[in-house]
Amino acid sequence: MIYSYEECIKRFGSKYLVKKAVESEIIYQLEKGIYSDEKYVPEKNIIAKKYPKAVFTLNTAFYHYNLTDVIPDKYYLATDRNAAKISDKRVIQIFEKSEILSLGVTKEEVNDYVINIYSKERLLVELLRHKNTLPFDYYKEILLNYREIVNDLDIRAIQDYAEAVPKSSMIMETLRLEVL
């Protein structure tokens, strides 16, 4: 299990006792403010704990859902437009309007830890929204993988998400021409 510093204070009672627990290896300090019962924890879980209001998106989510075999160099996180800038070098932050940030967010279990990640349907909309910023071959690979699973997707949800985000007419047209 992963804990924040505040959770460790509650669990052990004081800063001193948290420090003693780390020294005696009852818990391990993974990085500043993040602790765990286990010595080694996947980095994705640490990122999810460190930024609990963020949502994994784009390259990170494409890889998570096996829509690409390209391992992302950084973690792509969507946050509220008014959220503080994330200064973590491992993270690429994408600012979203608060009214569309939570659309299509699902909770997935990754290595016994729950993360916030966009559903495949919302990710398809994100793929089409960011079409011009992604490398062409990468875009095509993901699009082809979406074509293979299109019958498993909730088309109504995709249309709802597409109508809610900016560039909705372009997304609907691209969806009709390239995916369906």
Side-chain angles (χ1 to χ4, degrees), residues 1-96 98 100-127 130 134-135 138 141-142 145-146 148-149 152-154 157 161:
M1 177 116 186
I2 302 175
Y3 306 98
S4 68
Y5 184 66
E6 294 77 24
E7 291 168 335
C8 285
I9 294 286
K10 285 180 186 172
R11 181 176 172 194
F12 294 101
S14 70
K15 293 178 183 180
Y16 175 77
L17 292 175
V18 170
K19 184 178 176 184
K20 286 295 180 193
V22 170
E23 288 172 1
S24 60
E25 296 185 348
I26 295 170
I27 59 170
Y28 301 92
Q29 184 173 9
L30 303 174
E31 57 184 64
K32 185 177 180 181
I34 303 293
Y35 300 82
S36 175
D37 295 332
E38 301 168 32
K39 194 170 188 173
Y40 302 104
V41 175
E43 193 173 50
K44 186 187 277 185
N45 296 6
I46 296 170
I47 297 289
K49 182 66 175 183
K50 202 168 182 181
Y51 308 107
K53 293 181 180 178
V55 181
F56 286 99
T57 187
L58 294 176
N59 300 25
T60 307
F62 295 140
Y63 183 73
H64 173 80
Y65 288 122
N66 296 317
L67 294 167
T68 181
D69 57 1
V70 177
I71 301 169
D73 295 336
K74 298 189 184 262
Y75 295 94
Y76 287 73
L77 296 178
T79 62
D80 187 276
R81 175 180 276 169
N82 299 319
K85 173 127 178 60
I86 296 174
S87 58
D88 194 323
K89 292 179 178 159
R90 302 170 292 183
V91 172
I92 293 180
Q93 185 176 13
I94 296 157
F95 294 97
E96 288 286 0
S98 29
I100 64 170
L101 177 65
S102 62
L103 290 177
V105 174
T106 63
K107 301 218 180 268
E108 292 270 329
E109 189 172 313
V110 177
N111 303 314
D112 300 326
Y113 191 77
V114 177
I115 64 168
N116 294 325
I117 190 166
Y118 282 132
S119 66
K120 290 179 184 177
E121 290 82 3
R122 171 67 191 266
L123 270 180
L124 178 56
V125 171
E126 292 303 305
L127 175 69
H130 295 90
L134 297 171
Y138 185 70
E141 174 193 4
I142 295 167
N145 286 327
Y146 262 112
E148 290 179 16
I149 62 167
D152 300 331
L153 299 175
D154 182 349
Y161 300 146

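All residue numbers refer to positions in the sequence shown, counting from 1. Please read all numbers here as calculations on a predicted model, not as lab measurements.
- Pairs passing the salt bridge (charged side-chain N to carboxylate O under 4.0 Å, His left out) check and including a residue from residues 57-81, sequence neighbours excluded, do not occur.
- With hydrogens and angles ignored, the 3.5 Å screen pairs no side-chain donor or acceptor of Glu141 with any backbone N or O of Thr68.
- At distances below 3.5 Å, not a single donor-acceptor pair connects side-chain atoms of Ser36 with backbone N or O atoms of Tyr28.
- Note that CD1 of Ile92 is 9.0 Å distant from CG of Leu58, once rounded to the nearest 0.5 Å.
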Per-pair distances, 0.1 Å, donor-acceptor, side chain in residues 43-50, under 3.5 Å, sequence neighbours excluded:
residue : atom : partner : partner atom : Å
Glu43   : OE1  : Tyr75   : OH           : 3.2
Glu43   : OE2  : Arg90   : NH1          : 3.3
Lys44   : NZ   : His64   : ND1          : 3.4
Asn45   : ND2  : Val110  : O            : 3.3
Lys49   : NZ   : Glu7    : OE1          : 2.9
Lys49   : NZ   : Glu7    : OE2          : 3.1
Lys50   : NZ   : Glu31   : OE2          : 2.7

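- Atoms CD1 and CD1, on Ile86 and Ile94 in that order, are 10.0 Å from each other to the nearest 0.5 Å.
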* To do: Assess whether side chain to side chain contact (heavy atoms under 4.5 Å, CB included) is satisfied between Lys120 and Asp152, documenting all intermediate values.
  => CA-CA 10 Å; Lys120 290 179 184 177; Asp152 300 331; over 6 Å; no
* To do: Under the side chain to side chain contact (heavy atoms under 4.5 Å, CB included) rule, what do Lys107 and Ile115 come out as? Steps first, then yes or no, please.
  => CA-CA 6 Å; Lys107 301 218 180 268; Ile115 64 168; over 6 Å; no
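- Inter-residue side-chain proximity for Phe95 and Thr79 is flagged as met; some heavy-atom pair is nearer than 4.5 Å.
- Distance alone, capped at 3.5 Å, is enough to place a donor-acceptor pair between the Gln93 side chain and the Ala84 backbone.
- Note that OG1 of Thr57 is 5.5 Å distant from OH of Tyr118, once rounded to the nearest 0.5 Å.
- The CD1 atom of Ile71 sits 12.5 Å away from atom CG of Asn59, with the distance rounded to the nearest 0.5 Å.
- Residues passing the side chain to side chain donor-acceptor pair (under 3.5 Å) test with Lys19, sequence neighbours excluded: none.
- In this structure, the side chain of Arg122 does not engage the main chain of Tyr161 through any donor-acceptor pair within 3.5 Å.
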* Asked: Passes side chain to side chain contact (heavy atoms under 4.5 Å, CB included), Tyr65 versus Asn145? Steps please.
  -> CA-CA 10 Å; Tyr65 288 122; Asn145 286 327; over 6 Å; no
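- Between atom CD1 of residue Ile142 and atom CZ of residue Phe62 there is a gap of 4.5 Å, rounded to the nearest 0.5 Å.
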